[in-house]
Engineer: 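Before anything else, here's the structure in question.
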Amino acid sequence: MLAKFLSGEGELDPSKLAGAAGLPTDPLMVARLMGQLQKAMNANADGVDWQLARDEAGRIAAQGSIRSSSAELDQLRQALNVAALWLDEATSITQLTSEPTLITRADWARLTLPVWTQLAEPVATSIADSLTSVLDEQMPEELKGMVANAGQLMRSLGGTLFSMQLGHVVGQLSAEVVSGGDIGIPLLPGRDDHDVQAALIPQNLAAFGAGLDIAPDQVQLYLAVRELAHARLFRHARWLRLHLISAITDYAKGIRIDTERIESLAAEFDPANPESLREALTSGALIPPKTEAQVAALGRLETTLALIDGWVDVVTASATARLPRADAIAETVRRRRAAGGPAESAFSTLVGLELRPRRLREAAAFWRAVEAAVGAEQRDALWAHPDLLPSSDDVDDPSRVIAYISSCRR
């Protein structure tokens with residue numbers, strides 16, 4: 001079926017295949033998709049083509065990019081300088097060793113893709129293994145000779161499709177994020193393994209403030225403070241980046257594909273109605289219920305993400321107390337993070353994980369309670385070691401953590 005389809009003899013409309021995969025259905029994109037699938041079929045490569053993902057992300061990120069003026073860039077650099085001074089008053093965590101930078105959408109896509117690759121690879125491998133397993137188990141013996149290397153072919157085609165999907169998602173995200181830490185995890189590499197690069201995307205930052213009835217310089221200062229706070233935290237807690245990414249990849253490695261559901265989907269699939277395929281892929285119907293270990297891992301991961309964002313919120317609020325409209329900007333950021341964008345939703349489909357913290361307000365309240373009881377310096381000291389990281393129960397009731405800190409100070 002695949003051979004006939006890729007040679008143009010199949011019944012399935014290529015644009016419908018692109019739509020089922022969550023990709024645009026414009027003629028140029030469909031032509032690119034078909035060309036890459038045909039190339040993969042002939043090359044018979046194994047796994048995901050990460051270079052294709054990089055190329056696709058860069059291509060999409062470059063679309064609609066607008067170069068900021070020198071005056072706009074100078075204003076943002078000044079905002080970053082002021083933000084660093086304000087943060088010194090709000091946290092004991094010291095300044096960054098790397099200068100914050102201003103980057104384009106294409107820069108963001110290129111620099112962050114290695115991390116997206118690391119997060120997506122376990123799921124891509126699981127999907128490929130499941131597809132080849134179904135082929136090996138279900139293909140009649142009399143057809144195995146006729147369809148030589150069918151499993152390899154499926155890995156190649158599936159890997160190519162996944163590459164284009166991932167590249168498309170990262171390219172779209174480059175138009176949504178305003179900074180390096182906007183997603184909640186450190187995506188931009190620093191000078192070494194323990195360094196974190198803070199960065200703003202001027203074009204997207206301008207778009208963020210365009211719909212608000214707030215002076216642009218206030219928006220710039222608030223988002224600059226928030227980005228620097230996020231980067232400082234990860235540079236200070238050197239264990240945190242690896243801890244977070246390891247938790248995400250460990251969770252993703254536990255994702256399995258329901259092979260019985262794939263068989264049922266294949267038997268029921270109507271080439272004239274690929275919408276049913278898209279619904280199955282995006283609804284999570286192919287992923288079995290989470291195991292107890294996954295549920296526990298997911299709970300810990302969500303708590304960590306919420307603690308990170310909650311701390312950044314509290315420190316940013318303290319540092320930007322001088323801004324007249326800081327509360328309005330903060331609420332916009334919270335709503336934006338809670339809702340997520342289209343590309344972030346697409347990423348959750350690809351990796352099976354939402355990066356939005358569910359308990360952000362509770363975590364922020366926890367940090368405020370700790371600061372009120374023992375001060376900002378002791379609040380920040382909780383990031384010194386993973387064993388000190390508060391649990392979900394602590395977020396609900398900070399009294400245990402406060403009592404522990406108080407006893408250590410006596």
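Source: prediction; values computed, not measured.
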Engineer: In Å, rounded to the nearest 0.5 Å, how long is the span from CG of Leu389 to CD1 of Ile308?
Structural biologist: 8.0 Å

Engineer: Is there a donor-acceptor contact under 3.5 Å from the side chain of Arg232 to the main chain of Ile93?
Structural biologist: yes

Engineer: Taking Ser318 for the side chain and Val315 for the main chain, is one N or O donor matched with an acceptor at less than 3.5 Å?
Structural biologist: no

Engineer: Please check if the side chain of Trp367 supplies one atom and the backbone of Leu307 the other of a donor-acceptor pair under 3.5 Å.
Structural biologist: yes

Engineer: Give a yes or no on whether the backbone of Glu99 and the side-chain of Gln197 come within a donor-acceptor separation of less than 3.5 Å.
Structural biologist: yes

Engineer: Report the relative orientation of the aromatic rings in His243 and Trp239; use parallel for angles under 30°, tilted for 30 to 60°, perpendicular for over 60°.
Structural biologist: perpendicular

Engineer: Quick one: does Glu227's side chain have a donor or acceptor within less than 3.5 Å of a partner on Ala199's backbone?
Structural biologist: yes

Engineer: State whether a side-chain donor-acceptor pair under 3.5 Å links Asp55 with Gln51.
Structural biologist: yes

Engineer: Spell out, as yes or no, whether a donor-acceptor pair under 3.5 Å connects the side chain of Arg59 to the backbone of Gly171.
Structural biologist: no

Engineer: Side-chain contact, heavy-atom cut-off 4.5 Å: Arg361 with Arg334?
Structural biologist: yes

Engineer: Taking Leu87's backbone N and O only, do any of them form a donor-acceptor pair with Thr91's side chain (distance below 3.5 Å, no angle check)?
Structural biologist: no

Engineer: Grab the two heavy atoms, one from Ala319 and one from Val225, that are nearest each other, plus how far apart they are.
Structural biologist: CB-CG1, 3.8 Å

Engineer: Above 12 or not: heavy atoms from other molecules or residues under 6.0 Å from CD of Glu377?
Structural biologist: no

Engineer: Check whether any side-chain heavy atom of Leu212 lies under 4.5 Å from a side-chain heavy atom of Arg325, and answer yes or no.
Structural biologist: no

Engineer: Show the nearest heavy-atom pair for residues Val333 and Phe208, with the distance to one decimal.
Structural biologist: CG2-CZ, 3.9 Å

Engineer: Please determine whether the number of non-hydrogen atoms from other residues, nucleotides or ligands lying under 6.0 Å from atom CD of Glu331 exceeds 12.
Structural biologist: yes

Engineer: For Asp380 and Ser92, indicate whether the former's side chain and the latter's backbone hold a donor-acceptor pair under 3.5 Å.
Structural biologist: yes

Engineer: Checking side-chain polar atoms at under 3.5 Å, does Thr104 have a donor or acceptor matched by the opposite partner on Asp107?
Structural biologist: yes

Engineer: Side chains of Arg359 and Glu302, heavy atoms from C-beta outward: is any pair under 4.5 Å?
Structural biologist: no

Engineer: What I'd like to find out is whether the side chain of Asp396 reaches to under 4.5 Å of the side chain of Phe366, using heavy atoms alone.
Structural biologist: no

Engineer: When you check the side-chain N and O atoms of Asp182 and Ser179, is any donor under 3.5 Å from an acceptor?
Structural biologist: no

Engineer: Considering non-hydrogen atoms only, spot the tightest contact between Leu188 and Gly180 and give its length.
Structural biologist: CD1-CA, 3.6 Å

Engineer: Should the ring pair Trp383 and Trp311 be called parallel, tilted or perpendicular, given that the plane angle runs from 0 to 90° and is split at 30 and 60?
Structural biologist: perpendicular

Engineer: For Val115 versus Pro186, what's the shortest heavy-atom pair and its separation?
Structural biologist: CG2-O, 4.4 Å

Engineer: Is the shortest side-chain N to carboxylate O distance from Arg226 to Asp309 below 4.0 Å?
Structural biologist: yes

Engineer: Is a side-chain N or O of Asp394 found less than 3.5 angstrom from the main chain of Arg400, in a donor-acceptor match?
Structural biologist: no

Engineer: Do Val370 and Ile402 make a side-chain contact, defined as non-hydrogen atoms from C-beta onward lying under 4.5 Å apart?
Structural biologist: yes

Engineer: Going by heavy atoms in the side chains, are Tyr222 and Gln218 under 4.5 Å from each other?
Structural biologist: no

Engineer: Is it the case that the side chains of Asp397 and Ser399 hold a donor-acceptor pair, with the cut-off being a distance below 3.5 Å and no angle test?
Structural biologist: yes

Engineer: If we only count heavy atoms from C-beta on, is the Thr316 to His230 side-chain gap below 4.5 Å?
Structural biologist: no

